[in-house]
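Notes follow once the structure below has been shown.
Atoms considered below: every heavy atom in the structure, side chains included; atoms not considered: hydrogens, waters and symmetry mates.
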Amino acid sequence: MSTPLLRVRDLTVAAHGDPIVRGISFDVEDGQCLGIVGESGSGKSLTVLSATGLLEAPGLTIGGSSVLTDTTGATEIIGASRATLRGVHGPRVGFVFQDPGTSLNPLLDLERQLTEGPETHLGMTRRAARRHALELLEAVGIPDPEQRLRAFPHQLSGGQRQRVMIAIALACSPSLLVADEPTTALDVTTQAQILDLVRGMQDERGMAVVWISHDLGVVGQVADDVTVLLDGTAVEQRPVQEIFASPRADYTRTLLAARPTLGDPRPAPAADAEPVLRVADLDVSFAVRTRTGTRRIRAVRNVGFTVPRGHTLGIVGESGSGKSTIANVLTGQVRADAGTVRLHDADLLATRGADRRDLRRRVAMVFQDPFAALNPRATVERSVSEPLRVHGLATGPERTRRVADLLGQVELPADFAARYPHELSGGQRQRVCIARALACEPDVLILDESTASLDVSIQARVVDLLLRLQEELGLTYVFIAHDLAVVEQISHEVLVMRRGETVEQGPARAVLSDPSHPYTRELLAAIPPAEPRVRSSAP
């Protein structure tokens, strides 16, 4: 048998003596894609980053063996010197991480970030590296690459930034590409494009891929073999087809069952509920500076909808479709150019002064990233009680009791009030954000991609929580998301947006089972199927 490209044996990682990765072994063959799957905290990233020499932190002890064998030779990565690792990272192993916004340097244009690796590792001249950068941008599907070379990361969409990250990772033609949750925060169509891109580049270049993800649905579309991790231990390692067809570990079955899939619509609600939120003829534009002056871009055009009490409106669409702009208008963060937004009988856009302040607290918002939404220096009690302090709704012991009640509503123990955000899991942090949003007893809760950054199993539990809270408290939801399977689980009605306009609107069951607009059908087609993809060229 041939020598694997990457051979990992008995890998261990300990933090100050406490084991967090326990004796994991796996092989990655040339041209193969290995999926590493598990929830947050399972050790996925720690395992792969340790095996590729990218993990270094005070108090960490890494043991075992990880040998990279390619045309350059065989290199033991565990315990290797920094000089050795500099020769591995880039030329032999490329990396694509979850958030391209933090992985790309905001102060450097794309040309400098794309040419740095080839100039440093391959000895290319600036002119040759620039030509190479153009070829890479074209290969990963960036339009007008000549102009984009002078662009900065903030001038690109999320999907374009991730394509640039892939181009940078491939700049030195590595033998192995490590993709760590590269599609988690992307909308379904962009996710499908990135999956196709990586598969195509893998087949074209013959490189191996290690794909880290919490979503078995995504892994099923790229991987040949899968390693399932739980608490730093490999509980199952088998070909992807076998994992899907007959999982052996209970944990693997739990991950498979947690995947949101279409075909289970929420029952239709009562039709006689009073309207709580009514939006009509909403228009929003933003001023954008260009080289020729300032021009206005219309982000939302003539959008309208009505949400009855206790109902959920799901708003779906790609990044840039105008979904979050609507949420920002509803919460007063963005001013509309035209239209009306009525909460019961009051106009949210026209009300001023104390009446506006009182009205605004009746609309609350839960954001996508719970870690960024919470003050890292504030305890849970301080974060949850902040709306109570701002609006003067509770003081002293009454406020403390109210915080305990809110934590109980979102199924967190009362003693979590003394914790800080870094002491909580992602799902726990999002529950804290929901508790804070409920503090002022709002009529409408805006959920802006509130489950997008969560593991599929945690996502399912948060959706169950939202459904229970809606039933118990009579809440009205505006649920903004790009995942149509999750939207179907929670929404009664769906509004599909594209480029700021409504392209389709109606009951969730009708829109998602028999869409009338081609764009809606495109979104549905982009959802990873329930069964894994069969690679004809798989080893």
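Between the side chain of S491 and the main chain of V494, no donor-acceptor pair closer than 3.5 Å is present. No donor-acceptor pair under 3.5 Å is formed between the side chain of R266 and the backbone N or O of Q489. Looking only at distances, no side-chain donor or acceptor of R298 sits under 3.5 Å from a matching main-chain atom of S285. Side chain of Q113 to main chain of L104: no donor-acceptor pair is present (N/O by atom type, distance under 3.5 Å, no hydrogens or angles). S213 contributes a side-chain N or O that, together with a main-chain N or O of D215, makes up a donor-acceptor pair within less than 3.5 Å. Under a 3.5 Å cut-off, the side chain of N375 and the backbone N or O of R377 do form a donor-acceptor pair. Q162 places a side-chain N or O within donor-acceptor distance of the main-chain N or O of P182, the cut-off being under 3.5 Å. Here the side chain of R342 pairs no donor or acceptor atom with the backbone of R278 at under 3.5 angstrom. Checking side-chain atoms of E236 against main-chain N and O of A249 turns up a donor-acceptor pair under 3.5 Å.
Judged by distance alone, the side chains of Q193 and R163 do bring a donor and an acceptor atom under 3.5 Å apart. Under 3.5 Å, the side chains of T189 and E522 contain no donor-acceptor pair of N or O atoms. Side chains of R389 and S385: a donor-acceptor N/O pair is present below 3.5 angstrom, by distance only. H311 and E493 form no side-chain donor-acceptor contact under 3.5 Å, judged by distance and modelled atom types alone. Looking at T331 and Q333, their side chains do bring a donor and an acceptor atom within 3.5 Å of each other.
By the 4.0 Å N-to-carboxylate-O rule, R461 lies close enough to E39 to be salt-bridged with it. Salt bridge present: D358 and R361 bring a charged side-chain N and a carboxylate O closer than 4.0 Å. Between R402 and E441 there is a salt bridge, with a side-chain nitrogen of the basic residue lying less than 4.0 Å from a carboxylate oxygen of the acidic one.
For residues 404-416, every residue pair satisfying the side-chain hydrogen bond (donor to acceptor under 3.5 Å, both in side chains) rule, not counting sequence neighbours, is listed here: E411-R431, E411-R468.
The aromatic rings of H517 and Y519 lie perpendicular to each other, with more than 60° between the two planes, well past the 30° mark.
When all heavy atoms are compared, the tightest approach of F152 to P106 is CD2-O, 3.7 Å. Among all heavy-atom pairs drawn from V284 and D337, the shortest one is C-OD2, 3.6 Å.
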D283 and N302: CA distance, side-chain angles, deciding distance, side chain to side chain contact (heavy atoms under 4.5 Å, CB included) verdict: CA-CA 5 Å; D283 272 75; N302 196 33; 4.2 Å; yes
